[in-house]
Number of protein chains: 2
Amino acid sequence: MKNQFGEKIRELREKQQLFLRQVAPALEMDTAQLSKIEKGLRQFKKAQIPLLAEILKADKVELETLWLADQLMQLIKDEPTADEALRTVSKSIKKLM
Amino acid sequence: MKNQFGEKIRELREKQQLFLRQVAPALEMDTAQLSKIEKGLRQFKKAQIPLLAEILKADKVELETLWLADQLMQLIKDEPTADEALRTVSKSIKKLM
DNA sequence: TATGACTAGTCAGTATTTGGCAAATATACC
DNA sequence: GGTATATTTGCCAAATACTGACTAGTCATA
């Protein structure tokens with residue numbers, strides 16, 4: 001539960017029967033980088049999500065959501081106050097909407 | 001709703017009638033730094049929260065929660081998928097507890 | 001206008017992240 | 001086994017972001 005984005009795009013890539021070597025160049029990176037991204041060892045650039053979604057014929061918004069969820073998970077993992085902090089944030093965000 | 005930690009510690013400091021020049025040295029920083037922290041322009045080091053709580057006679061856990069909430073807010077502000085991502089994270093976190 | 005509290009700006013030093021390559025490993029096929 | 005392709009790992013230099021420290025500034029009050 002800590003690399004949902006990477007796992008998802010790997011799943012999508014395999015479903016499309018694409019190899020790293022086919023996808024990576026389209027994102028202007030090498031296969032090693034993309035491999036790391038899929039395993040959650042490197043960050044994927046948010047700005048590239050739309051392009052990636054297109055390549056993988058996936059839902060852009062879903063990928064963006066997973067990407068953001070991973071960022072959040074990173075922050076709160078190992079944090080005892082995670083739960084309460086999330087509640088605080090949810091409350092705050094509702095006021096902005 | 002974006003600098004709850006800073007606002008809180010300023011409030012606490014004023015309630016204790018302390019000046020920046022009194023608090024900052026105890027945290028091994030200068031007043032300019034602490035001022036920026038209170039205004040949300042700089043990060044406060046998580047590891048120093050217990051000490052800060054002591055100085056301000058405040059609840060350590062509350063400060064930690066606000067600190068974390070601010071980190072999260074930073075990430076999700078301006079993110080259209082913030083709401084959904086938060087839900088995803090909340091779901092994930094429950095599985096770890 | 002003098003003093004004290006706070007803030008804004010700058011900048012070098014430090015830390016972290018990234019991109020790219022080369023080598024290692026894994027998998028499949030013959 | 002041997003070869004070919006796919007993926008992963010490790011490393012390092014370059015780029016980027018962050019921090020601490022200092023300076024000069026504003027603001028309020030006496």
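Below, chain A is the first sequence line, B the second, and so on; all start at residue 1. Because the structure is a prediction, the values reported are computed rather than measured.
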Side-chain heavy-atom pair [X], [Y] within 4.5 angstrom cut-off:
X        : Y        : answer
Ile37(A) : Met29(A) : yes
Ile55(A) : Leu27(A) : yes
Leu63(B) : Leu12(B) : yes
Leu52(A) : Phe5(A)  : yes
Glu84(A) : Glu62(B) : no
Trp67(A) : Gln43(A) : yes

>> Ignoring hydrogens, what is the shortest heavy-atom contact between Gly6(B) and Asp70(B)? Give both atom names and the distance.
In response: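 The pair with the smallest heavy-atom distance is N-OD2, 4.2 Å.
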How long is the line joining [atom1] of [X] and [atom2] of [N], in whole Å?
X        : N      : atom1 : atom2 : result
Leu41(A) : dT9(D) : CG    : C1'   : 10 Å
Leu34(B) : dA5(C) : CG    : P     : 14 Å
Phe19(B) : dA5(C) : CZ    : P     : 5 Å
Leu18(A) : dT5(D) : CG    : C1'   : 16 Å
Glu38(B) : dA5(C) : CD    : P     : 14 Å

> Between the two ends of the helix from dT1(C)-dA30(D) to dC30(C)-dG1(D), what is the bend in degrees, rounded to 10 degrees, where each end axis spans five pairs?
Replying inline: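 Here the helix ends are tilted 30° relative to one another.
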With a cut-off of 3.5 Å and sequence neighbours excluded, list every side-chain donor-acceptor pair involving residues 73-81 of chain A.
from     : atom 1 : to       : atom 2 : distance (Å)
Glu79(A) : OE2    : Lys46(B) : NZ     : 2.9

> How does each nucleotide of nucleotides 10-30 of chain D score, in 5' to 3' order, for protein heavy atoms under 4.0 Å: base (B), sugar-phosphate only (S), or none (-)?
Replying inline: BB-------BBBB--------
>> So, does Arg21(A) get its side chain near the phosphate of dA4(D), meaning an N or O under 4.0 Å from OP1 or OP2?
In response: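 No, Arg21(A) has no side-chain N/O under 4.0 Å of OP1/OP2 on dA4(D).
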